[in-house]
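Order of the sequence lines sets the chain letters (A, B, ...), proteins ahead of strands, with each chain counted from 1. Quick caveat: nothing in here was measured; it's all calculated off a predicted structure.
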There are 4 protein chains.
Amino acid sequence: METKKLNIGLVGYGFMGRTHSNAYRSVRNFFDVPYEPVLKAVCARNPERARAFADTWGYESIESDWRSLVKRADIDLVDIASPNDTHAEIAVAAAEAGKMVLCEKPLGRNAAEAKAMVDAVEKAGVPNMVWYNYRRVPAVVLAKQLIDEGRLGRIFHYRAKFLQDWTISQDLPQGGEGLWRLDAGVAGSGVTGDLLAHCIDTALWLNGPIQRVTAMTETFIKERKHTLTGKVQKVGIDDASAFLARFGNGSLATFEATRYARGHKALYTLEINGEHASILWDLHDLHRLQFFDHGDEGRLRGWRSIHITDSDHPYMKHWWVPGLQIGYEHTFIHQVADFLQGLSEGHGPSPTFRDGLATDYVTDAVLKSARTGEWEAVEPGD
Amino acid sequence: METKKLNIGLVGYGFMGRTHSNAYRSVRNFFDVPYEPVLKAVCARNPERARAFADTWGYESIESDWRSLVKRADIDLVDIASPNDTHAEIAVAAAEAGKMVLCEKPLGRNAAEAKAMVDAVEKAGVPNMVWYNYRRVPAVVLAKQLIDEGRLGRIFHYRAKFLQDWTISQDLPQGGEGLWRLDAGVAGSGVTGDLLAHCIDTALWLNGPIQRVTAMTETFIKERKHTLTGKVQKVGIDDASAFLARFGNGSLATFEATRYARGHKALYTLEINGEHASILWDLHDLHRLQFFDHGDEGRLRGWRSIHITDSDHPYMKHWWVPGLQIGYEHTFIHQVADFLQGLSEGHGPSPTFRDGLATDYVTDAVLKSARTGEWEAVEPGD
Amino acid sequence: METKKLNIGLVGYGFMGRTHSNAYRSVRNFFDVPYEPVLKAVCARNPERARAFADTWGYESIESDWRSLVKRADIDLVDIASPNDTHAEIAVAAAEAGKMVLCEKPLGRNAAEAKAMVDAVEKAGVPNMVWYNYRRVPAVVLAKQLIDEGRLGRIFHYRAKFLQDWTISQDLPQGGEGLWRLDAGVAGSGVTGDLLAHCIDTALWLNGPIQRVTAMTETFIKERKHTLTGKVQKVGIDDASAFLARFGNGSLATFEATRYARGHKALYTLEINGEHASILWDLHDLHRLQFFDHGDEGRLRGWRSIHITDSDHPYMKHWWVPGLQIGYEHTFIHQVADFLQGLSEGHGPSPTFRDGLATDYVTDAVLKSARTGEWEAVEPGD
Amino acid sequence: METKKLNIGLVGYGFMGRTHSNAYRSVRNFFDVPYEPVLKAVCARNPERARAFADTWGYESIESDWRSLVKRADIDLVDIASPNDTHAEIAVAAAEAGKMVLCEKPLGRNAAEAKAMVDAVEKAGVPNMVWYNYRRVPAVVLAKQLIDEGRLGRIFHYRAKFLQDWTISQDLPQGGEGLWRLDAGVAGSGVTGDLLAHCIDTALWLNGPIQRVTAMTETFIKERKHTLTGKVQKVGIDDASAFLARFGNGSLATFEATRYARGHKALYTLEINGEHASILWDLHDLHRLQFFDHGDEGRLRGWRSIHITDSDHPYMKHWWVPGLQIGYEHTFIHQVADFLQGLSEGHGPSPTFRDGLATDYVTDAVLKSARTGEWEAVEPGD
């Protein structure tokens with residue numbers, strides 16, 4: 001099979017710029033995919049940083065204006081790994097320029113932005129994908145398989161949390177390098193768009209649409225110094241967000257995210273209770289899946305801790321030998337592998353921008369409910 | 001010190017009748033208390049069962065009508081371990097007869113019943129206590145100590161769940177022997193009064209008053225055969241109940257209880273996240289407390305799994321040697337020991353009927369919110 | 001069925017005196033056994049302590065010389081819960097007096113003592129039992145069932161440890177109240193007879209006879225003040241003991257015990273690896289059994305954590321409801337229940353003195369090997 | 001700083017060929033090292049496989065005879081990732097050719113082979129290193145730091161196991177592609193050289209020299225079809241191996257490895273008990289370290305589960321953000337990073353061939369003791 005080159009233009013050089021670059025660089029060492037990603041250009045406003053990033057990762061060139069990047073004829077795919085407030089504008093322009101578009105999550109700062117992005121890529125007919133990487137954790141994919149096979153039966157409960165503790169200090173400023181997630185103007189929202197968005201994307205994938213939510217949010221530290229202005233300013237983001245939900249399949253759910261849960265760094269946990277079986281997963285041990293099967297012999301029923309490192313586990317035959325775990329960044333490699341395979345086979349990537357919009361509809365409803373105190377319906381995805 | 005006899009009259013012979021009887025019988029083998037409980041009489045409508053129970057536990061006599069029991073001059077304390085719909089009437093009569101009154105949780109089927117009970121015992125001036133036994137788990141008491149000492153600092157989050165899975169089968173009838181918890185008329189409510197009441201009582205004790213809640217409840221199986229009528233009837237209880245809450249101290253909370261969480265038998269878990277430290281406890285390993293201390297050296301911070309079996313842990317010097325765990329029923333023995341000690345020293349038992357009423361105010365607000373879809377304020381305890 | 005009285009005479013009032021007394025007092029509240037244990041007399045050299053103990057537990061009388069106790073016509077059963085150096089003499093005398101004899105573990109300070117005890121009870125034809133209580137942990141009994149059913153298949157490995165940390169301090173004296181376990185003259189040996197004996201008894205029960213061992217022991221703190229003499233004396237016990245073993249069934253084993261494993265209070269763990277399945281249990285969570293079944297579907301294989309609290313688990317229907325754990329002392333109650341049931345049904349109790357002797361043969365071989373540096377054969381039980 | 005090229009010639013294309021290649025390719029994306037590894041050539045007898053491997057990993061050329069590779073002027077470093085029986089010959093030749101030499105573990109099939117390799121590299125004065133990659137697990141490095149800082153105090157116990165279950169089936173052949181570990185001629189020994197070697201290397205590093213051992217080994221399946229001959233032949237390797245040991249620092253140890261522990265894939269666990277603290281690590285959750293500090297306040301002592309993902313943990317600032325775990329292959333990247341840094345700074349790599357020889361002295365003693373049944377002294381490293 002002839003391998004085709006796929007020229008990548010990356011916008012952003014932060015945490016996500018690194019995970020994406022690593023995925024492009026490594027995918028073909030582990031997956032036999034029909035496209036070879038070529039690291040053509042990285043774009044950042046600060047040319048010095050762009051240069052350093054290009055050197056580290058092997059990008060062939062740099063750009064300091066994304067508008068230039070988007071217009072380059074030698075770019076096939078624009079990958080947006082810059083802060084949330086840049087997603088919509090870049091994505092729309094890239095789609096209009098006929099590029100494939102990949103975008104970090106959340107898709108938009110709100111559903112309106114995301115809707116414009118969906119419209120643009122669908123009108124342009126370009127492949128598009130959102131980096132909700134937790135869909136590519138092998139344990140989560142195994143959970144998806146079990147659900148699709150009916151192993152859980154009727155679903156009664158869905159439960160997800162994403163707990164962190166890195167913003168508890170009053171001294172932490174908002175805005176600026178590495179801290180734009182605390183700046184509501186840039187991020188759109190706080191933990192709702194940052195952390196709950198992950199929980200919601202996985203939930204929609206595993207458990208179908210959410211119909212209604214009732215939510216509360218809180219900003220524990222009301223004022224922080226803003227790095228850009230140098231002044232103490234009101235904090236606009238939500239530090240914590242929790243909601244109750246009803247899914248279309250009749251199950252009940254609780255969701256919660258916070259950056260004030262002392263002792264938890266990135267504890268994304270999800271649990272699903274079905275009539276016949278239950279599953280539980282957490283990001284702090286992402287290579288394990290907890291599974292309880294009521295079909296087991298009565299006296300021997302128990303939660304199984306499945307070490308997801310065998311060759312019959314999703315993606316794992318591409319890695320090492322049983323017992324040897326993978327880590328966080330592998331989920332991005334899996335996502336690139338699936339994307340490249342899909343390109344070749346003509347089946348669409350997942351999650352698409354339309355899938356990403358569905359999550360933004362939920363986060364919009366959550367934030368609205370937190371303001372109104374009412375149960376709010378979620379905008380139907382279609 | 002002269003030991004005084006304390007004559008017990010127990011109403012009910014079920015699960016809770018057994019835990020209470022065991023506590024009375026065993027307390028003095030482990031605790032040096034100033035009163036000796038004497039198992040004077042057990043009361044049940046079915047005399048045969050009352051007789052069998054009395055034989056097993058060593059009760060001196062039986063009664064088949066609680067009204068007779070309450071009037072007996074040789075009874076000092078009436079202990080109500082019968083189904084929820086009997087609590088109020090018996091407690092009020094016992095108080096009026098000048099007896100000490102102990103009552104299983106929840107205090108009433110609703111706050112109105114509970115309020116009448118509080119009025120009766122306070123008017124009569126008799127010692128009174130509700131059997132919220134989880135306040136006497138050594139790990140939970142240690143958590144209370146840590147909170148009271150300020151070790152957690154400002155509290156941001158409280159999280160509690162009580163998950164069971166014993167009513168998932170459609171074939172399970174409602175009502176009758178051992179199944180009255182499924183009969184709304186007898187129980188008052190489903191998991192809200194049965195399981196969430198435990199979570200709420202502990203929460204009020206550890207984290208102070210709850211101000212407002214928004215809730216949802218669900219009855220997954222809408223109709224069940226009723227054991228007493230023999231007919232398939234509408235199910236009146238809530239199978240699952242979840243709510244968001246705001247505490248008076250500014251912390252946010254999620255609460256959830258269900259009998260449809262496959263794989264969990266009695267998984268009561270609680271977690272508290274404070275500025276300086278966090279704690280986590282679960283009933284399935286009740287002899288452990290998880291503790292995270294941000295004050296630990298950075299690279300060595302981690303959740304500690306504290307095996308609560310040392311002599312410097314609450315209650316534990318009365319039991320065995322380090323490393324040897326206690327079980328569920330010990331919490332009732334602790335509660336009796338504290339009650340008897342308190343009687344002698346003149347300080348009140350805990351939780352009192354008034355404390356039990358506070359929980360009923362919350363469960364009333366939860367059930368109301370589930371009906372109205374609105375945030376509901378919790379009636380102030382005082 | 002007529003209940004017969006069984007008059008108990010207990011020797012010793014320490015830790016084990018308490019666990020046994022509690023078992024006699026409680027057994028009939030939970031088990032429908034054909035005998036009623038009557039706490040007739042407790043014997044201790046110090047009459048004041050005997051009196052206090054009798055008051056706490058309800059013994060009808062006290063004795064200060066076990067010779068008197070053994071001769072009393074109103075005693076059916078002599079229970080030896082005094083230090084190891086008293087076991088043989090009392091047991092032989094009790095057997096000769098025609099009493100049933102129960103004895104704390106280890107049976108003798110060495111196999112020679114134990115052999116004399118076996119000879120005495122077998123000659124007298126009296127029921128006899130050693131208090132290896134871990135045979136009555138529900139999780140361990142379930143393990144035994146699985147092995148007997150062939151669920152594990154051919155056994156490859158047995159692994160047991162008993163780790164404590166209570167003697168690390170140099171300041172701890174040897175001998176005297178509560179510290180006789182550090183006095184080689186009284187105890188016979190250190191952790192070999194105290195802790196490894198437990199591990200060996202369970203192993204013989206679960207996995208059959210041990211043929212050969214090679215061992216090492218160590219005394220980390222060479223001298224300690226002796227409480228009785230007031231002088232600093234050489235320590236005669238083994239602080240740590242480990243051995244390799246070959247079982248008759250071809251499996252290999254490692255055993256280890258120590259009182260110098262910082263962080264472990266009473267961590268008795270055992271693991272068995274069979275062709276088809278493996279099991280793992282530990283005393284710090286005695287209400288759980290870990291089970292791995294290779295027969296499970298490949299991608300879903302994992303260690304199950306079985307919460308041993310369901311009514312189909314050994315002994316558990318006698319206790320509470322699913323999800324509610326029991327504790328350490330329940331194992332003694334189970335042992336008494338089985339003993340009393342066995343008495344009535346004519347089948348022997350377990351483990352008998354002969355079973356206890358089998359363990360002493362192994363501990364003798366271990367201690368010998370630690371001296372010789374050679375592999376030592378274990379004396380055949382018969 | 002000028003980056004120098006370092007031309008790599010790899011021998012072998014199996015599991016370890018992959019981990020090494022990945023390390024060379026990725027190291028500079030995460031670590032700012034002064035050398036750039038260049039994948040110059042891969043060598044394998046089968047040119048087709050060498051070609052495929054070169055294509056996957058980006059090697060510039062292939063060789064089918066290691067003798068040619070070793071002689072190439074454009075190769076700076078020879079990396080031996082081929083089966084054990086090739087290590088000595090290639091390493092000696094590479095050293096004689098003046099190349100740096102890296103070698104997979106175990107260094108030789110026995111200490112005699114390893115000694116020749118040490119002599120060769122030391123005579124040639126070339127940098128050399130053995131791929132005992134578990135020295136580069138961040139959790140294990142943290143353990144090393146704690147020990148070196150005296151946080152554990154006097155060490156009483158060391159305990160290590162490496163449990164697998166992949167050879168239980170009688171149908172598995174010995175020898176041939178991917179199965180040479182079952183062929184004693186190629187591998188040298190079974191689990192002793194394969195798995196215990198890892199445990200021993202870490203132990204020597206963390207706890208100092210081992211003085212004496214007593215061991216047992218077993219071959220559970222005595223005959224297997226040999227892939228190369230097609231005949232059923234006697235199995236020469238040890239399927240399981242366990243030994244007791246005494247370290248120079250006075251601590252006692254148990255070591256065990258097997259491929260017959262159903263349910264364990266690659267469960268390398270190590271535990272160290274010191275006077276003041278204990279540590280425990282296992283490979284199945286390599287991103288965690290368990291730590292017990294007796295210096296903690298009494299009632300709050302417990303095993304801490306430290307999630308080794310913070311920037312103040314060894315190596316972790318080079319990866320992602322707190323809470324996001326790394327996987328198995330990262331240990332090789334760390335080892336390459338350290339090697340390249342050391343090259344530049346003139347401090348030697350670790351573990352050197354001499355360190356690898358020390359492990360072979362222990363495995364030789366273990367295998368000898370298993371034959372003689374005696375305690376065997378370990379050859380001193382120097």
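Expressed to the nearest 0.5 Å, how far CH2 of Trp319(D) lies from CG of Asn22(A) amounts to 7.5 Å. Taken to the nearest 0.5 Å, the CG atom of Leu324(A) stands 6.0 Å off from the CG atom of Leu283(D). Between atom NE2 of residue His287(D) and atom OH of residue Tyr328(A) there is a gap of 14.5 Å, rounded to the nearest 0.5 Å. The distance from the CH2 atom of Trp57(A) to the CG atom of Asn29(D) is 4.0 Å, given to the nearest 0.5 Å. His307(D) contributes atom NE2, which lies 5.5 Å from atom CG of Asp285(A) (distance to the nearest 0.5 angstrom).
Neither the backbone nor the side chain of Ser21(A) comes within less than 4.5 Å of any heavy atom of chain D. Only the side chain of Arg288(A) comes within contact range of chain D, with at least one heavy atom under 4.5 Å from a heavy atom of that chain. Contact annotation for His264(D): neither backbone nor side-chain heavy atoms come within less than 4.5 Å of a heavy atom of chain A. Residue His284(A) touches chain D through both its backbone and its side chain, counting heavy-atom pairs closer than 4.5 Å. For chain A, the nearby parts of Arg18(D) are the backbone and the side chain; heavy atoms of each come within less than 4.5 Å.
Put simply, of Trp320(A), Phe30(A), Phe15(A), Trp166(A), the one with the most heavy-atom pairs under 4.5 Å next to chain D is Trp320(A).
No more than 12 heavy atoms of other residues, nucleotides or ligands sit less than 6.0 Å from atom CD of Glu48(D).
The minimum heavy-atom distance linking Pro322(D) with Ala266(A) is given by the pair O-CB, 3.9 Å.
The closest side-chain heavy-atom distance from Leu286(A) to Gln325(D) is below 4.5 Å.
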